[in-house]
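In what follows, chains are A, B, ... by sequence order, proteins preceding strands, each numbered from 1. Quick note: numbers below take in every heavy atom, side chains included, and nothing from hydrogens, waters or symmetry partners.
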Amino acid sequence: MAPKYDFSAIEKKWQKRWEEESISRAEDFSKKPKFYCLVEFPYPSGEGLHVGHPRSYTALDVLARKRRMEGWNVLYPMGFDAFGLPTENYAIKTGIHPAVVTERNIETFTAQLKSLGFSFDWDRRVVTTDPAYYRWTQWIFLKMYEHGLAYKAKMPINWCPSCRIGLANEEVVGGACERCGATVEQCEKEQWLLRITKYADRLIEDLVTVDYLERIKTQQINWIGRSEGALIKFSVISCKLKVSEVEVFTTRPDTLFGATYMVLAPEHGLLAKGKLQIANRAEVDEYIVKARGKTDAERIAEGKEKTGVELKGIRAINPANKEEIPIFVADYVLGGYGTGAIMAVPAHDERDFAFAKRYHLPVMEVVSPLNQHLSAMTELYVGEGVLINSGKFSGLKSEEAKWKITEFVGGKKQVQYHLRDWIFSRQRYWGEPIPMVYCEACALRDPSGQGWVPVPEGELPVLLPNVARYEPTDTGESPLAAVTEWVNTKCPKCGGPAKRETDTMPNWAGSNWYFLRYTDPRNDRALADPKKLSYWTPVDWYNGGMEHTTLHLLYSRFVYKFLHDIGAVPKECGPEPYRKRTAHGMILGEGGEKMSKSRGNVVNPDEMVERFGADAFRVYEMFMGPFDQDIAWNTNGLVGTYRFLERVWKLFQTNDEKLKTENGGQQQKLDQILHKTIKKVTDDIEKFRFNTAVSALMILLNEMEKNNLQLTTYNLQLFLKLLAPFAPHITEELWHELRYKTSIHLEKWPVYDPNLIMESEVTVAVQVNGKLRGTVRAPAGSAQDVVERLIRGDAKLQEALKGRTIEKTIFVPDRLVNFVVYPVRS
RNA sequence: GCCGAGGUGGUGAAAUUGGGAAACACGCCAGCCCUAGGAGCUGGUGCCCGCAAGGGCUUGUGGGUUCGACCCCCACCCUCGGCACCA
């Protein structure tokens with residue numbers, strides 16, 4: 001009796017053997033071509049692995065295994081991004097130290113990942129909470145500070161009055177605190193920022209050099225939001241006398257003659273008390289206070305209903321036509337973008353138009369589409385066109401007029417971005433300490449400096465102190481602020497008493513550069529050895545989630561570029577960290593909704609592996625649908641791939657005693673389909689079309705089962721090699737049953753023979769007026785007259801053509817014949 | 001509102017990119033086998049008409065280009081994701 005497919009025993013056996021033999025170790029400086037493939041390392045949450053994680057890991061595992069078999073020196077590493085809020089919150093709730101929780105979670109994750117048979121090079125594991133690792137995260141911060149890219153500034157932050165804690169944007173859901181549901185307030189706080197805006201242009205421009213999915217590129221470009229425009233100064237007058245100036249940013253200087261009023265954001269500096277003689281000061285102040293107290297949620301709720309107050313007693317001068325125009329304060333103008341002031345052109349801007357209508361302000365049309373005039377106050381035109389009512393510039397096209405008018409009024413070209421500098425401090429315990437010290441004495445001595453002194457490189461890492469409590473303090477500071485013996489230190493510059501920065505870095509800090517550390521994970525003299533960096537970097541293929549496109553992916557490109565600029569990453573690695581970026585779709589619950597504990601629709605991968613085995617699980621994750629698409633989990637589908645593997649198992653059991661090296665007439669047909677499958681699977685893996693690759697293997701199995709008795713060792717071993725990247729354990733077991741002594745994963749990947757996949761005879765479709773009426777078999781490459789002769793010999797097809805006049809015949813070699821005929825009149 | 005992805009059987013989907021729509025799998029139906037099955041095997045399965053042979057229809061909707069359209073063009077509808085007063 002043939003043995004059962006005991007996946008559990010087989011999988012455990014081989015996982016142990018592979019680990020002992022280190023079959024997936026990456027070799028530094030190997031002569032083989034290198035291939036660095038990367039997946040986003042997980043956050044080791046208490047919930048353990050989600051069925052979504054293995055989708056990406058399996059995909060790149062398939063790629064990595066295939067590439068190894070093709071002779072590449074593959075680096076496929078794994079690590080843990082372990083700083084973060086959930087661990088800290090768990091610690092607050094249970095009183096267990098975050099470090100202990102983290103260690104436990106990493107153990108669980110590691111066991112789960114190992115049970116799935118991924119070919120990670122575990123020797124290169126990195127963990128972001130390891131001081132030997134975050135030492136270099138801190139070092140990067142110091143370098144940024146040294147190069148003027150890290151600075152401290154007062155910033156409005158999200159404040160939860162109930163938790164008494166500052167929240168990251170990601171932690172605010174619909175204007176409410178993610179944890180307690182209280183309404184989030186805005187509050188000003190000193191924050192560390194990184195000057196990512198300095199890299200904005202390069203982050204856009206260099207995208208042309210990399211192979212990212214197009215939607216990833218456009219999303220990043222939109223996020224950065226570069227726009228070219230002009231800065232133009234408007235004089236402010238009071239009683240006909242110039243009292244001040246306001247500079248505006250506009251992308252449409254061509255519409256300057258149509259600027260009929262001006263608007264300042266409530267945050268605009270000119271509105272500060274005492275700066276101007278505003279007749280209705282009280283009314284204006286009231287508006288400003290109200291506007292600045294609004295939460296984001298309120299602003300969104302108000303939608304496009306625009307409000308504002310005119311500043312009485314002062315006017316602005318339109319520099320183009322010297323007309324006096326009113327000045328408003330209105331919260332539809334944002335303080336944080338451009339100059340915080342705009343020229344309003346109601347005829348050619350939707351928002352200005354809406355505002356002008358409400359406050360009965362003049363609408364002056366200055367750009368005409370195709371020289372057709374608009375009827376005043378009823379229509380607006382936001383496109384470009386030909387200028388009218390614009391003095392000597394009338395008749396010019398918008399594009400040309402833009403810069404001529406800018407020059408005429410003494411303005412200058414200006415580029416603006418939506419991207420803001422990156423707020424890099426959190427009032428949290430479980431993060432990397434920011435290696436800065438505040439020294440009051442140094443601040444007094446050097447009034448230009450802010451009193452911030454970097455911790456000397458030699459003193460890194462600044463260790464996160466062990467504390468008993470992680471609760472936020474009453475002052476809204478980081479829990480670290482309460483650890484006085486840690487906070488109080490000596491100033492590295494003057495030796496006097498000083499205080500450590502108590503904010504920590506955000507959870508993105510460790511993931512900014514982890515892929516560099518994989519090349520040299522234990523280096524204690526540099527973040528990585530330059531030689532190893534130049535051997536492995538850049539990453540050849542990086543797969544991750546779309547949700548990181550404008551977060552981790554953008555951040556790490558910025559940090560990499562910086563490290564490259566300062567030489568910490570060698571020049572020859574190039575200016576971009578990732579050559580290719582793909583994205584996987586999310587796995588949803590069985591009902592098509594996002595998996596979550598509260599919905600109770602979470603599928604546990606351990607349970608699936610226990611019931612069906614890691615191989616069936618892997619094959620299912622690859623087969624379930626297109627890789628880049630969101631898809632609902634369906635355990636029945638997993639049953640299907642389990643059946644597939646079980647049939648593979650059975651096929652080998654029945655063949656075991658009668659292995660052949662040659663066989664009869666079926667061989668040619670089998671070879672053909674085998675080689676077609678080699679081509680299909682090889683291509684599909686490279687294109688990340690795993691679902692069709694698996695389906696090709698299923699078709700091949702169906703065919704092999706039909707020819708069970710004719711199968712040779714050659715057929716069987718080719719099949720196993722193609723299946724090996726997807727189902728590494730069962731194929732290894734069966735490979736050894738074929739009496740091989742070494743691992744199938746060290747074998748050569750099969751190459752298809754183009755001669756074998758050629759068809760000698762093809763089926764040609766026969767259509768009449770585009771409708772299928774039958775088919776004929778013909779030798780491959782048959783000429784039109786040969787095929788037509790065959791059609792004439794087919795009674796059924798003749799019936800379909802009977803009594804019809806053929807007007808035209810379309811012939812596509814080896815595919816179809818289409819007869820175009822006149823309709824029959826009855 | 002803007003940007004992006006998408007809409008094909010009961011379900012997940014496939015279609016060499018303009019050439020036989022629905023491969024592969026799930027589910028379902030029938031039969032076989034078994035003490036039994038949520039196991040296995042065989043066959044069937046887009047929809048409509050028909051006992052059948054056969055015929056008609058079918059890729060969100062409406063137009064168009066073409067001998068021929070899931071595929072290209074125009075207009076519209078719907079779903080999902082991101083951004084959202086960015087001047």
Side-chain angles (χ1 to χ4, degrees), chain A residues 213-219 221-223 225-227 229 248-253 255 259 263 265 296 299-300 302-306 330-334 336-345 348-352 354-355 382 416-420 546-547 549-550 583 585-586 588 592 619-620 623-626 628-641 643-644 646-647 650 676 679-680 683 689 691-702 763-775 796 807-821:
Chain A
L213 290 179
E214 216 40 53
R215 63 196 160 118
I216 295 177
K217 289 190 184 182
T218 48
Q219 212 171 301
I221 291 167
N222 291 343
W223 180 262
R226 184 185 199 276
S227 58
V248 304
F249 172 72
T250 176
T251 55
R252 295 295 302 275
T255 64
V263 185
D296 286 353
R299 280 199 168 196
I300 290 163
E302 283 169 17
K304 292 201 190 283
E305 193 57 38
K306 291 180 179 45
D331 67 2
Y332 83 90
V333 173
L334 305 174
Y337 185 77
T339 63
I342 60 150
M343 60 180 217
V345 186
H348 305 291
D349 181 279
E350 250 179 89
R351 297 148 301 179
D352 298 344
F355 189 82
V382 295
Q416 287 288 335
Y417 304 92
H418 295 183
L419 183 71
R420 303 295 155 81
M546 278 308 284
E547 70 276 15
T549 301
T550 53
M586 228 191 317
L588 308 168
V619 174
Y620 172 60
F623 181 62
M624 65 194 301
D628 57 357
Q629 198 174 296
D630 290 353
I631 201 152
W633 180 270
N634 178 6
T635 304
N636 278 329
L638 176 49
V639 173
T641 56
R643 270 183 214 151
F644 165 65
E646 204 174 38
R647 278 165 50 209
K650 280 188 188 157
K676 274 185 170 169
K679 181 176 181 344
K680 177 95 181 127
D683 292 350
R689 291 159 63 154
N691 53 334
T692 50
V694 172
S695 113
L697 289 165
M698 288 173 168
I699 293 167
L700 177 57
L701 176 69
N702 291 345
T763 305
V764 179
V766 182
Q767 298 180 334
V768 177
N769 283 351
K771 281 196 176 146
L772 187 71
R773 292 296 157 193
T775 59
K796 204 185 125 201
E807 192 191 352
K808 194 168 158 189
T809 305
I810 309 290
F811 176 70
V812 184
D814 292 350
R815 292 230 60 111
L816 66 72
V817 179
N818 185 15
F819 296 108
V820 183
V821 302

Whole-angstrom distance between G18(B) and G6(B), as gauged at atom P: 16 Å
Whole-Å distance separating the CZ atom of F249(A) from the P atom of A87(B): 6 Å
Nucleotide paired to G43(B) in any strand shown, Watson-Crick or G-U, under 3.5 Å: C29(B)
Side-chain heavy atoms of V820(A) within contact of N769(A), under 4.5 Å: yes
Between OH on residue Y620(A) and CG on residue N691(A), distance to nearest 0.5 Å: 12.0 Å
Side-chain N,O (R215(A)) to OP1/OP2 (G82(B)) below 4.0 Å: no
Spacing between K680(A) atom NZ and U16(B) atom P, to the nearest angstrom: 9 Å
Side-chain N,O (Y332(A)) to OP1/OP2 (A87(B)) below 4.0 Å: no
Nucleotide paired to C34(B) in any strand shown, Watson-Crick or G-U, under 3.5 Å: none
Selection from C24(B), A87(B), A15(B) that lies nearest to any side-chain heavy atom of S227(A): A87(B)
side-chain N/O N691(A) vs A23(B) OP1/OP2, d < 4.0 Å: no
Nearest-angstrom distance from the residue atom CG of N702(A) to C1' of U42(B): 14 Å
Pairing partner of U8(B) (Watson-Crick or G-U wobble, both distances under 3.5 Å): none
Sugar-phosphate only, base, or nothing, as touched by I810(A) at under 4.0 Å among non-hydrogen atoms: base
Interatomic distance where CZ belongs to R815(A) and P belongs to G20(B) [whole Å]: 5 Å
Nearest-nucleotide 5' precedence on RNA chain B, T550(A) against E646(A): E646(A)
Proximity to the side chain of M698(A) - top-ranked nucleotide from C67(B), G19(B), C24(B): C24(B)
Pairwise P distance for U66(B) and C73(B), with rounding to whole Å: 16 Å
Nearest heavy atoms of L213(A) and A583(A), plus distance in Å: CD1-N, 3.7 Å
Sugar-phosphate, base or nothing in reach of I699(A), heavy atoms under 4.0 Å: sugar-phosphate
Minimum-distance nucleotide to F623(A) side chain [options: G56(B), G19(B), G12(B)]: G12(B)
Minimum heavy-atom distance V382(A)-E350(A), with the two atoms named: CG1-N, 4.1 Å
Euclidean distance, atom CG of residue L638(A) to atom P of G27(B) [Å, nearest integer]: 12 Å
Complementary nucleotide for U16(B) - Watson-Crick or wobble, under 3.5 Å: none
Heavy-atom pair of closest approach, residues Y332(A) and A344(A): OH-CB, 4.5 Å
Closest to side chain of Q629(A), choosing from A13(B), A87(B), G20(B): A13(B)
C1' atoms of G4(B) and G27(B), separation to the nearest Å: 34 Å
Same-atom distance (P) from A69(B) to G20(B), integer angstrom: 11 Å
Smallest separation among heavy atoms of V345(A) and D352(A), with atom names: N-OD2, 2.9 Å
Closest listed nucleotide, where the reference is the side chain of V820(A) and the choices are G55(B), C67(B), A14(B): C67(B)
Sugar-phosphate only, base, or nothing, as touched by G640(A) at under 4.0 Å among non-hydrogen atoms: sugar-phosphate
Heavy-atom pair of closest approach, residues L816(A) and V764(A): CA-CG1, 3.6 Å
P spacing across the pair G38(B) / G43(B), given as an integer number of angstrom: 22 Å
Gap between atoms CE and P, on M546(A) and G6(B) respectively (whole Å): 12 Å
Which nucleotide in G19(B), A87(B), G40(B) has an atom nearest any side-chain atom of L816(A): G19(B)
Distance below 4.0 Å between R689(A) side-chain N/O and A15(B) OP1 or OP2: yes
G56(B) and G44(B), which share atom name P, separated by this distance in whole Å: 24 Å
Inter-nucleotide C1' distance (C47(B), G10(B)), Å rounded: 12 Å
Among C41(B), G20(B), G40(B), the nucleotide that comes nearest once only the side chain of T775(A) is considered: G20(B)
For A52(B), the Watson-Crick or wobble partner whose two distances fall under 3.5 Å: none
Between A25(B) and G40(B) - P atom distance, rounded Å: 14 Å
For the student: nearest non-hydrogen atoms of R215(A) and D628(A), plus distance: NH2-CB, 3.7 Å
Nearest-angstrom distance from the residue atom CZ of F644(A) to C1' of C26(B): 15 Å
K771(A) vs C57(B): side-chain N/O to OP1/OP2 distance below 4.0 Å: yes
base_contact_polar (C26(B) base, N636(A) side chain, donor-acceptor, <3.5 Å): no
Nearest listed nucleotide, side chain of R643(A), among A87(B), A13(B), G27(B): G27(B)
Given G4(B), C67(B), G40(B), the nucleotide with the shortest approach to the side chain of T218(A): G4(B)
From C57(B), A87(B), C67(B), nucleotide with atom closest to N818(A) side chain: C67(B)
Torsion-based syn/anti label for U45(B), 90° from 0 as limit: anti
Side-chain touch I699(A)/K680(A), heavy atoms, less than 4.5 angstrom: no
Base-pairing mate for A75(B) - Watson-Crick or G-U, with both contacts under 3.5 Å: U61(B)
Base orientation of G9(B), syn vs anti, 90° cut from 0: syn
5' priority, RNA chain B, between R420(A) and V764(A) [closest heavy atom]: V764(A)
Pairing partner (Watson-Crick or G-U wobble, both distances under 3.5 angstrom) of A69(B): none
Atom-to-atom span, CZ of R773(A) to C1' of G54(B) - whole angstrom: 11 Å
